[in-house]
Amino acid sequence: MSAASALAEPRAFLDVTASILGRPWRDRCGEAALQASAAHMVQAYGLPDLLARVLAGRGVLPAQAEAYLSPRLRDLLPDPACLLDMEAAADRLARAVHGAETVAVFGDYDVDGAASAALVAGYLRALGVPTRIHIPDRITEGYGPNEAAVRALAGEGASLLVTVDCGTAGHGPLEVAREIGLDVIVLDHHGAQEILPPARAIVNPNRLDDLSGLGHLCAAGVVFLTLVALNRRLRRDGLFGPRSPEPALTDALDLVALATVADVVPLTGLNRAFVAQGLTVMRGRGRRGLAALFDAASLDGPPEAWHLGYLVGPRINAGGRIGDASLGARLLTTDDPAEAARIAAELDRLNRERQAIEAEAVQAAEAEMDRALGLDPDRPVLVAGSADWHPGIVGLIAARLKERFGRPAFAFALRPDGTAVGSGRSILGADLGLAVRAGVEAGLALKGGGHAMAAGATLASGDLARFQAHLAEALGSAVQAARAVEALLLDGTVSAGGATAETVRLIQRAGPFGQGAPEPVFALPRHRIVDAGIVGHGHVRARLRSRDGQAIGAITFRAAHGPLGQAVLNGVGREFHVAGTLSCDRWRGAERAQVRICDLAPSD
């Protein structure tokens, strides 16, 4: 390296150039402009230095700090009419309400689909509109509307079909709906092609001709805006009164928050307000199904954003992965405490079963990818497949491969009929959904689509190698660029003594955190691992002690057999720089800060 390039290279945080996971550490606020922004927030607005650094590191300008710390829906909610086809959708839904038509809601089998279906059904049922929810079986029906279900719903008396979190690519089934006289409204957020299926309205901010700028919403966000437009229309029609009270739309924000976090859409702008206010609604435990699921998951305090992604979402998804796909929507719409408890217990059981199936499959997939990367270390995209894998867990396998190897990954379940059903996960900067849609157009996949960070595809089993070659060509340069700058970004340093429950609450003021608003990562310099052991399903729990004698609990999830978990287990008695996020551990009414370890580096 030349002297000039060495000077241009940012200094490593705590001089860590290669951690246990092989990453350099960098200061998220290392740039002079960000440091100046943080200093201005401290001096002009009186914010604590730690909080100011967190805000500046997420691109918040000093003048925006107050609004960012208190995101309010009324300030950020756009006019729903900015979405293409919104007025047509509201008009047709209003006609269904006035005519007490039977409405069929067709949702996806994931959290976003279940929450979106519950939003539509809950609103319409509150107004006395007969509503039927159909969530397809992942194995027998697959993703999106299908002809058999469309005909069955029409045969049950539905005159309007609302598809949520799907439908944008449902050309054949929606053509059948038109032929049999069933009106269709599509409320979706998945990427779209130029030619759209026939429908009364297709409300999707990711339509190529939509200029709303709301492409970051999940389907539940799109549905909520649709209900706002419908509510406005019904209010204008004079529907609401003493005998027909207006539904409280804000009570439904718990579902929008759940879907927004679980679908891993960016927590920026409107989405931040959805999650912040939705969490407030959740803490009131007014939705019986969610309250029962919190209890089943042994949630020991008020729900936070990460609980939705790691505790609640996986349990709802478990029904669609390996059980009854309708369980999630039924849980989110029931008012019966006994039924809520029964469904929550079943989802919790299915989730444990899913974890066991996943662990075995991930171990096999990682071994396969270790061999493949041994032959080709620069392979930009990983594709794995097995006839032994349950189709419901391929997305989880892909996510684990992406986490382990730091590049986009696809996992396929090979089926007896000669097809391969797969799901993929990507890294920032590599648009997987776009690459999959291009593969479909090129005839490499029978069907497929998705978002930048997650996608699905179905192809002939013999085409896996061709599909991988296509993804490598489409994403190779983007993956190379993303991995070239891969580093762990840290927001500052704390010590065991300074990492208190009060510190955690201070940091959480800058939340909610998630995709697009990363949870703050802090370094605990020169802390000794005084004990460590494996707990639960491959987690490693440890205790750290600083040089002044203060101690703090720590945990790293699903890491027992990986390099990070092994480093913790084998590092007892040694001193490390520890990087992690802070959270509150609540035990027997006491709150204590704990570290969720995400990296380590020897302090010497």
For the backbone of [Y] and the side chain of [X], can you confirm whether one donor and one acceptor N or O come within less than 3.5 Å of each other?
{"X": "Asn271", "Y": "Pro266", "answer": "yes"}
{"X": "Arg53", "Y": "Asp491", "answer": "yes"}
{"X": "Thr333", "Y": "Ala329", "answer": "yes"}
{"X": "Arg207", "Y": "Val203", "answer": "no"}
{"X": "Arg288", "Y": "Asp335", "answer": "yes"}

Side chains of [X] and [Y]: donor-acceptor distance under 3.5 Å anywhere?
{"X": "Trp25", "Y": "Asp599", "result": "yes"}
{"X": "Asp165", "Y": "His189", "result": "yes"}
{"X": "Arg425", "Y": "Ser423", "result": "yes"}
{"X": "Asn231", "Y": "Tyr123", "result": "yes"}
{"X": "Thr556", "Y": "Arg596", "result": "no"}

**Q.** Glu486 CD: over 12 foreign heavy atoms closer than 6.0 Å
**A.** yes

Q. Does Arg272 count as lying over the ring of Tyr68, i.e. NZ or CZ under 6.0 Å from the six-ring centre, within 45 degrees of the axis?
A. yes

Q. Mind checking whether Phe557 and Trp306 have parallel, tilted or perpendicular rings, split at 30° and 60°?
A. tilted

